[in-house]
Amino acid sequence: MSDNLKTPPQTLSEKDKRYCWHPMTQHKTEPIPPVIVSASGASLYDEQGNEILDMIASWWTCVHGHSHPELNKAMSDQAQNLEHVMFAGFSHPPAIKLAEKLAQKLPGELNRVFYSDNGSTANEIALKIAYQYWINKGEPQRTKFISFEKAYHGETVGAMSLGKGCGFFDDFEGLLFEVEKVPYVFTWEGDADIEEKEQNALNKIEETFKNNKGQVAALIVEPLMQGAGGLRFSRPEFMKAVTDMARAYGVLVIYDEVAVGFGRTGTLFACEKIGVVPDLICLSKGLTSGYLPMSVTVATDDVYDVFLNDDPDRAFLHSHSFTANPLACAVALRSLELFEENKILDKIKHIENRHKDFISNLKNQFSIFMPRVMGSIMAFNLADSDGAYKNDQGEFLREYFFKIGLNIRPIGNAIYLMPPFCITDEQMDRAYIGIFDGLALLKQKQAA
Ligand SMILES: Cc1ncc(COP(=O)(O)O)c(C=O)c1O
């Protein structure tokens with residue numbers, strides 16, 4: 001019996017150690033995490049009252065800030081009326097109003113909102129819709145999917161298959177289905193031969209479309225940024241060229257905007273910056289501003305229409321118990337209203353300008369690689385390659401940042417900020433100074 005089973009745990013930390021199983025955590029070696037008891041704006045507070053600035057918006061979910069009074073009110077008002085009702089055979093005002101609002105905000109004919117619970121599931125649903133779309137259309141041989149190298153689309157089996165080779169799922173390879181992988185072109189400030197790299201990649205991608213002509217159901221894309229793959233940006237021109245190519249081969253296009261949706265890249269949705277309307281778009285994280293687990297897979301009217309039939313089996317027969325949870329819908333609706341009321345896109349422009357100033361100063365003082373800024377996202381690498389998810393330098397910095405009250409969690413050797421949009425200039429300065437100091441310490445350590 002392990003020690004922690006002999007003596008009953010007393011403190012919250014001891015109870016956490018005894019009863020909780022955290023994500024992405026090696027419990028044998030990693031320290032006990034701080035217990036966060038409250039939060040406000042960009043700040044988290046632990047049991048001892050220590051402040052931790054949430055510079056990565058709690059895994060990119062929190063867009064308006066923690067414990068936001070307006071969102072708290074939207075959720076508690078909704079709870080007074082209706083906490084949940086099944087969404088098959090019933091509907092309710094928050095789901096209807098949110099679907100209408102999303103359809104108004106999304107470009108083109110992206111008008112049909114299918115609700116689910118998290119980003120992985122939103123992608124899983126897009127995959128199933130695309131697959132069944134071709135069955136319903138009488139082309140059941142279109143069963144293949146194309147995704148980018150190093151893409152990450154989530155943790156369910158379909159989503160893992162789409163993300164095959166990204167480094168997170170090696171143990172599960174045997175469970176995954178085959179996916180056609182195509183090269184992704186990662187870019188950054190001062191990337192001189194980007195056009196040539198993109199052209200080479202496009203040639204290879206076209207080969208894949210040609211070799212699989214008539215067999216591909218859909219292409220799935222993380223538009224403008226591969227997130228978990230290491231904050232790897234791409235140019236809108238490249239995304240547009242790939243999207244157009246898929247269309248030329250009659251392939252459906254799925255945009256996984258789970259990470260980049262809701263203002264992260266500077267426009268409300270990344271597809272707007274690219275200037276295309278995908279057939280399906282997946283949104284989560286910022287949808288409820290990080291309040292509640294909810295996602296949507298939004299289809300164009302054309303895709304939706306293919307499921308209308310007198311035969312009940314041609315419907316999309318997919319469900320989750322918590323589909324369109326009213327509390328989550330009410331918060332998401334209020335969150336979208338706040339984008340307008342508080343001119344959030346202007347605020348993101350301000351964050352982007354500050355990131356740009358910071359990174360040009362940083363470049364002058366440290367040898368950083370692949371500096372890049374887009375909207376509220378700032379990233380750079382510690383080496384001229386991506387590296388693995390866990391990296392000694394990245395871990396050293398993560399521990400240092402934590403010690404000085406910053407939640408900055410490098411992915412491998414990629415250091416990045418993706419703060420909530422309510423972040424103040426003073427809070428951004430604290431993070432910037434923290435990065436300067438952390439890099440200076442790392443340099444000293446390496447020189448020693
Ligand atoms: C692009 C992308 N897709 C899907 C997911 C999975 O979302 P979730 O963690 O909510 O399942 C993530 C999570 O980081 C993501 O970045």
Side-chain angles (χ1 to χ4, degrees), residues 22-25 54 56-63 114-130 145 147-169 172 176 179 184 186 218-234 239 242 253-265 269-271 273-274 278 280-298 320 322-323 325 328 331-332 335 374-377 379 386 389 407 409-412 414 416-418:
H22 290 264
M24 303 298 286
T25 302
D54 192 359
I56 60 161
S58 278
W59 264 343
W60 324 339
T61 61
C62 173
V63 294
F114 196 100
Y115 289 102
S116 60
D117 314 332
N118 58 69
S120 310
T121 310
N123 288 329
E124 201 78 25
I125 287 168
L127 190 154
K128 284 180 67 178
I129 290 177
F145 287 85
S147 68
F148 280 110
E149 286 161 3
K150 272 203 158 225
Y152 175 85
H153 296 290
E155 303 284 342
T156 49
V157 172
M160 281 200 291
S161 301
L162 298 170
K164 220 174 182 171
C166 73
F168 294 114
F169 313 131
F172 304 103
L176 310 183
V179 166
Y184 178 84
F186 171 25
L219 161 80
I220 185 162
V221 173
E222 282 169 278
L224 298 182
M225 184 187 78
Q226 290 191 326
L231 290 299
R232 301 165 90 235
F233 290 5
S234 61
M239 287 286 120
V242 178
V253 179
I254 304 167
Y255 270 24
D256 172 359
E257 294 216 22
V258 168
V260 294
F262 301 102
R264 281 287 165 211
T265 67
F269 303 106
C271 60
K273 214 173 208 174
I274 299 166
L280 292 152
I281 189 168
C282 304
L283 304 166
S284 187
K285 292 194 187 274
L287 173 64
T288 63
S289 192
Y291 262 63
L292 287 157
M294 189 170 74
S295 55
V296 290
T297 306
V298 187
H320 297 284
F322 290 107
T323 302
N325 173 257
V331 173
S335 170
M374 189 171 16
S376 66
I377 312 163
D386 296 337
Y389 181 73
N407 181 29
R409 200 181 152 96
I411 296 183
Y416 74 97
L417 299 179
M418 212 192 288

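Throughout, numbering of the chain's residues begins at 1 and tracks the sequence. Both counts, for ligands and for their atoms, begin at 1 and track the order of listing. Being a predicted model, the structure only gives us computed values, none of them experimental.
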Problem set entry | Side chain, backbone, both or neither: the part of Trp59 lying under 4.0 Å from ligand 1 by heavy atom | neither
Exercise. Looking at Ile411 and Gly227, what are the two nearest heavy atoms and their distance?
Worked result: CD1-O, 3.8 Å
For this session: Say whether, by atom type as modelled, one donor and one acceptor occur between the side chain of Thr288 and the main chain of Ala328 under 3.5 angstrom.
Result: no
Problem set entry | Which atom of Ser161 lies closest to which atom of Val179, heavy atoms considered | O-CG2, 3.5 Å
Exercise. Taking only heavy atoms of Asn123, which atoms of ligand 1 are found under 4.0 Å from at least one of them?
Worked result: 3 (N), 4 (C)
Exercise. Which one of Pro23, Cys282, Ser116, Gly119 has a non-hydrogen atom at the shortest distance from atom 8 (P) of ligand 1?
Worked result: Gly119
Exercise. Which of the atoms of ligand 1 are close to Ala259, meaning less than 4.0 Å from one of its heavy atoms?
Worked result: 16 (O)
Exercise. Counting only N and O atoms by type, is there a donor-acceptor contact under 3.5 Å from the side chain of Ser58 to the main-chain atoms of Cys62?
Worked result: no
Seminar exercise, completed: Within the 4.0 Å heavy-atom cut-off, what Glu155 brings close to ligand 1 is neither
Problem set entry | Taking atom 14 (O) of ligand 1 as the reference point, the nearest protein heavy atom with its distance | Lys285 NZ, 3.0 Å
For this session: Report the nearest protein non-hydrogen atom to atom 12 (C) of ligand 1: residue, atom name, distance rounded to 0.1 Å.
Result: Tyr152 CE2, 3.5 Å
Exercise. Which protein non-hydrogen atom lies closest to atom 2 (C) of ligand 1, naming both residue and atom, and how far is it?
Worked result: Asp256 OD2, 3.4 Å
Problem set entry | The single option from Glu155, Met160, His153 passing side chain to side chain contact (heavy atoms under 4.5 Å, CB included) against Ser120 | Glu155
For this session: Return yes when Glu222 approaches ligand 1 closer than 4.0 angstrom through a heavy atom, no otherwise.
Result: yes
Exercise. Going by the order shown, which atoms of ligand 1 are within less than 4.0 Å of some heavy atom of Trp60?
Worked result: 16 (O)
Problem set entry | Shortest protein heavy-atom distance from atom 11 (O) of ligand 1, along with the residue and atom involved | Ser120 OG, 2.5 Å
Problem set entry | side chain to side chain donor-acceptor pair (under 3.5 Å) contacts touching residues 224-234 (sequence neighbours left out) | Tyr184-Ser234, Gln226-Arg232, Arg232-Asp386
Exercise. Would you say the side chains of Asp117 and Thr121 form a donor-acceptor pair under 3.5 Å?
Worked result: no
Exercise. Out of curiosity, is Gly227 lining ligand 1, as in a heavy atom under 4.0 Å away?
Worked result: no
Exercise. In this structure, are over 12 heavy atoms from other groups packed under 6.0 Å from Phe322 atom CZ?
Worked result: no
